[in-house]
Amino acid sequence: MKKVFSAGALIALTALAFTTVAQTVTLDYYFNHEVHKNKAGQEERFHYLWEETAVSGFSTFGDAFKATGAHLASLDKAPDAANLKSSNIYIIVDPDTKKESPNPNYIMEKDINEIEKWVKAGGVLVMMANDSANVELPHFNNLAARFGMHFNDDLQNHVIDDAHFADGGVDVTGNPIFKTAHKVFMKDVCSISTKSPAEPELKNKNGATIIAIAKYGKGTVFAVGDPWFYNEYTNGRLPAEYENKKAAEDVAQWLVKQIR
């Protein structure tokens with residue numbers, strides 16, 4: 001006996017077939033592992049954490065990903081095939097110097113090989129540097145080099161105080177990543193040199209590349225010369241003309257769209 005499906009049932013089955021699994025955005029907690037003492041005198045993690053709502057946290061950036069339907073995760077171990085397997089996007093921000101951690105976890109050759117294989121298979125890697133005085137560039141650049149990028153030992157968009165916000169202003173109007181933001185604030189960043197397969201994606205008023213993109217195998221690499229989207233610069237403190245919160249949302253949506 002043949003089973004007959006109603007039009008409604010067929011529509012429901014079709015919708016089920018095309019339902020997408022929520023993507024996972026993993027933030028590195030290993031290469032960046034800064035600690036300080038809280039008010040109770042206890043040592044605790046801080047700086048660029050999903051759950052951190054203070055100005056030094058990434059909670060607003062995390063909310064931008066959650067708005068796309070993505071799940072947030074963190075990785076407090078060296079990356080490898082097993083612990084990256086469930087991640088679609090992997091973010092490394094501001095690797096520690098000895099000034100920030102007495103025993104920093106440097107990005108080593110084994111780590112680079114694991115990350116490269118993961119990107120080649122379709123992963124989306126985000127590298128967020130800083131001005132050279134506040135980030136461990138030598139090992140970070142070993143990773144960046146695999147994708148045709150190099151974070152330079154320089155200082156772009158230097159802003160001396162809140163009376164000089166304009167020095168950190170960048171026009172992003174018409175950039176394909178930034179669908180809603182028109183002007184953003186990026187303070188004290190390093191520039192990025194590129195060669196194939198990397199290409200400049202955003203330049204500042206001096207013509208220096210501050211965001212670069214690379215397509216690598218089935219994957220994508222997004223590099224920016226600053227941690228940029230921590231809460232201090234996405235929580236409304238900036239003058240209204242600087243749309244960093246919108247930019248965070250634009251970048252999150254663009255990154256999720258790169259997932260194969």
Side-chain angles (χ1 to χ4, degrees), residues 25 27-29 32 34 36 45-68 70 72 74 89 91-97 100 126-135 137 140 151 154-173 175 177-192 201-206 208-213 222-256:
V25 183
L27 180 59
D28 163 67
Y29 283 8
N32 180 277
E34 295 179 62
H36 66 178
R45 280 286 326 269
F46 83 113
H47 228 175
Y48 315 127
L49 307 178
W50 287 141
E51 61 273 19
E52 188 179 6
T53 57
V55 294
S56 53
F58 257 8
S59 61
T60 302
F61 195 25
D63 288 342
F65 283 110
K66 288 191 286 187
T68 72
L72 303 183
S74 58
I89 299 173
I91 302 172
I92 303 175
V93 53
D94 190 32
D96 291 340
T97 64
E100 297 163 322
V126 179
M127 295 187 293
M128 307 181 82
N130 209 332
D131 64 278
S132 58
N134 291 294
V135 61
L137 283 183
F140 207 16
F151 294 106
D154 62 4
L155 183 65
Q156 300 286 333
N157 296 13
H158 183 47
V159 179
I160 59 174
D161 56 35
D162 285 359
H164 295 81
F165 277 116
D167 293 337
V170 181
D171 185 1
V172 297
T173 304
N175 185 286
I177 292 178
F178 300 96
K179 300 294 188 183
T180 65
H182 298 285
K183 190 174 184 180
V184 300
F185 182 78
M186 296 179 69
K187 169 188 175 183
D188 292 1
V189 309
C190 71
S191 65
I192 306 169
E201 181 60 36
L202 182 66
K203 295 185 178 184
N204 67 2
K205 63 188 73 175
N206 299 323
T209 298
I210 51 178
I211 295 180
I213 302 293
F222 174 99
V224 58
D226 192 65
W228 195 17
F229 289 140
Y230 53 101
N231 295 337
E232 182 176 2
Y233 297 114
T234 56
N235 65 3
R237 187 182 81 84
L238 296 174
E241 64 185 295
Y242 302 109
E243 300 175 306
N244 281 26
K245 186 173 185 292
K246 285 184 178 181
E249 294 164 353
D250 289 339
V251 169
Q253 291 175 17
W254 185 87
L255 290 169
V256 169

Restricting to non-hydrogen atoms, name the atom on [X] and the atom on [Y] that form the minimum distance, rounded to 0.1 Å.
X    : Y    : answer
C190 : A129 : SG-CB, 3.9 Å
Y48  : E34  : CE1-OE2, 4.2 Å
L137 : S132 : CD1-CB, 3.8 Å
V224 : W228 : CG2-CE3, 4.1 Å
V25  : A70  : CG2-CB, 3.9 Å
D154 : S191 : OD2-OG, 2.5 Å

Would Y29 and W50 satisfy side-chain contact (heavy atoms from CB on, under 4.5 Å), going step by step from the backbone distance to the final call?
CA-CA 10 Å; Y29 283 8; W50 287 141; 3.8 Å; yes
For the pair N32 and I92, evaluate side-chain contact (heavy atoms from CB on, under 4.5 Å) and give the outcome as yes or no after the intermediate values.
CA-CA 8 Å; N32 180 277; I92 303 175; over 6 Å; no
For [Y], does its backbone N or O pair with a side-chain atom of [X] as donor and acceptor, under 3.5 Å?
X    : Y    : value
N175 : E201 : yes
D131 : Q156 : no
D250 : T180 : yes
N130 : V135 : no
Q253 : T68  : no
N206 : A208 : no

Once the angle between the rings of F185 and Y233 is folded into 0 to 90°, is it parallel (under 30°), tilted (30 to 60°) or perpendicular (over 60°)?
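The rings of F185 and Y233 sit tilted, inter-plane angle from 30° to 60°.
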Aromatic plane relationship, F61 with F229 - under 30° parallel, 30 to 60° tilted, over 60° perpendicular:
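The rings of F229 and F61 sit tilted, inter-plane angle from 30° to 60°.
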Does R237 pair with D162 as a salt bridge, N-O distance under 4.0 Å?
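Yes, R237 and D162 are salt-bridged.
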Can you confirm whether more than 12 heavy atoms, excluding those of K179, are under 6.0 Å from its NZ atom?
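No - once you tally the heavy atoms of other residues, nucleotides and ligands closer than 6.0 Å, there are 12 at most.
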Donor-acceptor side-chain pairing of T60 and N235 below 3.5 angstrom:
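Distance-only check fails for T60 and N235.
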In terms of side-chain heavy atoms, does N244 have a donor or acceptor partner in T234 at a distance below 3.5 Å?
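The criterion, which ignores hydrogens and geometry beyond distance, is not satisfied for T234 and N244.
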Close side-chain approach of [X] and [Y], heavy atoms under 4.5 Å:
X    : Y    : value
M127 : F151 : yes
F178 : I211 : yes
I177 : V251 : yes

From [X] atom [atom1] to [Y] atom [atom2], the distance as rounded to the nearest 0.5 Å:
X    : Y    : atom1 : atom2 : answer
K245 : N231 : NZ    : CG    : 11.0 Å
D167 : K187 : CG    : NZ    : 11.0 Å
N134 : T97  : CG    : OG1   : 7.5 Å

Given the rule in the side-chain contact (heavy atoms from CB on, under 4.5 Å) test, do F58 and V93 qualify, once you have shown the distances and angles that lead to the verdict?
CA-CA 10 Å; F58 257 8; V93 53; 4.1 Å; yes
